[in-house]
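To find a chain, count down the sequence lines: A is the first, B the second, and so on, and within it residues start at 1. This structure is a prediction, so every number in the text was calculated from the model and none was measured.
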Amino acid sequence: MLLQFSFRWLRSLFVPPVIIFLVLMLGSILGSFGTAYYTFTSHIRGDLLWFENQYVELEFPRNWYGSSEEYLNSTYGNTFSAVFVAPNVFLYIGLTIYDEKATQTYTQMYNISDAHSMVQFQIDKTYSIIFPSNSNVTLVPLENGTISVSGYNADYSICLFENGYTENDVQKNVTYMVIFYVDKQQIVQIAFWGDEDEFERSYSIFETFLYQMKVKT
Amino acid sequence: MKTELSESSSLKRGNLVHIAIAGAIGFGITVLLFAMVPDGFMQLLFNLNMGGIIFFIDLYQVARNLFIFGLVYLTGGFCSGIYAGYNMYSNLKKTLFIPAVINTVGFLLLVTLIDNYPVTMGLVYLLLIQLTGNTIGSYLGGYAINWGELHKETETPEKLSLKTRK
């Protein structure tokens, strides 16, 4: 009797508008996952996701959080920026590519034209951004040199921000690496952030990323 | 005559109150679901080990908006429609659109004034998607709750005529 009642109740629940609502809802969810899956399958290469546009060609792990933006400005020039964050290790990668006009604006604005000066300028700038919100931070220069990026010799500098960030009320040190090179009057800027404790691990991931990246200058 | 007029005006006032409550219910459910569903979608993608597709922002936005359309806007509209349909039997065709508009405008004001969302073409698309979802949901909810009554209404004249023939 109770079973019969429940079935009757269920039957009265599934009237055409409810069925249409459920079909629309499930259709939207399926469409959403269909689009996500199509995006995934059309960009997967082995175990990595592949991206290409007029500025760069790069590959990154499928579980990384990434976002990109192209800033178009007819007066100051165009730039392309991309950031990547790894979910299971403290790793942040930032990439900015300036077009000729944007490079001209950059060099005129800061009065610097060589990659080495740009590296130093960027480190000072980053320190001055962190310092007001965290007065305990100390900048420790670690290493300067050149590195091959997309077939070009780029200038880099690695430094340590002691007490760079706070996690669970514990201040931690952050390793920061800045890479710059100028090719065909276009600046390419790459930044890497990693936790000092896990530096080796995160740096090897970053190296793989860097090795696979091709900048189209 | 006087009594009829006063009854109809009080009914209209009552309907307006129900419409406003229906809009508020839809708005509340939309806000509640919107706080969970977009993050849930992202979390789901990361759990499926394909969170990297967020980088392909145009396609990701399509997938995300479809997900939000189905789970947030349709559902919010459906709930407000159920309330409106349960409390107002007459003029469903005309009245069910209003809770959807209240819901959409309320949400738009929330994101622009409180959340400081920039007024861009993206917001216009968001508005259109939400209005469509809320309207469809509202009508489906309103008609779902009255389906039995509406069905009876359409069946009654035939049954009556059969009885009279007998």
Q: Would you mind telling me which of L48(B), T75(B), I57(B), N65(B) has the largest number of heavy-atom pairs within less than 4.5 Å of chain A?
A: T75(B)
Q: Give a yes-or-no answer on whether the side chains of Q104(A) and Y98(A) include a donor-acceptor pair shorter than 3.5 Å.
A: no
Q: Verify the ring-centre separation between Y71(A) and Y76(A): is it less than 6.0 angstrom?
A: no
Q: When you check the side-chain N and O atoms of Y73(B) and N134(B), is any donor under 3.5 Å from an acceptor?
A: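 Side chains of Y73(B) and N134(B): no pair found under 3.5 Å.
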Q: As an exercise: rank I53(B), I54(B), L59(B), N49(B) by heavy-atom pairs under 4.5 Å with chain A and give me the winner.
A: N49(B)
Q: Using heavy-atom distances under 4.5 Å, tell me whether S67(A) contacts chain B through its side chain, its backbone, both, or neither.
A: backbone
Q: If we count only N and O atoms by modelled type, under 3.5 Å, do the side chains of N103(B) and T30(B) hold a donor and an acceptor together?
A: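 Yes, T30(B) and N103(B) have a side-chain donor paired with an acceptor closer than 3.5 Å.
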Q: Based on non-hydrogen pairs under 4.5 Å, which of Y60(B), F78(B), F55(B) is most in contact with chain A?
A: F55(B)
Q: Under 4.5 Å heavy-atom distance to chain A, tell me which part of I68(B) shows up: side chain, backbone, both or neither.
A: neither
Q: Between I145(B) and chain A, with a heavy-atom cut-off of 4.5 Å, which part of the residue counts as in contact: side chain, backbone, both or neither?
A: neither
Q: Do you know which of Y143(B), F69(B), F46(B), F41(B) has the most heavy-atom pairs under 4.5 Å to chain A?
A: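 Between Y143(B), F69(B), F46(B), F41(B), the count favours F46(B).
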Q: Go through the side-chain N and O atoms of Y156(A) and E143(A) and say whether any donor and acceptor fall under 3.5 Å apart.
A: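 There is such a pair (donor and acceptor under 3.5 Å, judged by atom type) between the side chains of Y156(A) and E143(A).
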Q: Any side-chain to backbone donor/acceptor pair from D99(A) onto N78(A)? Under 3.5 Å, distance only.
A: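 At least one qualifying donor-acceptor pair exists.
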Q: Side chain, backbone, both or neither: which part of F40(A) has a heavy atom under 4.5 Å from chain B?
A: both
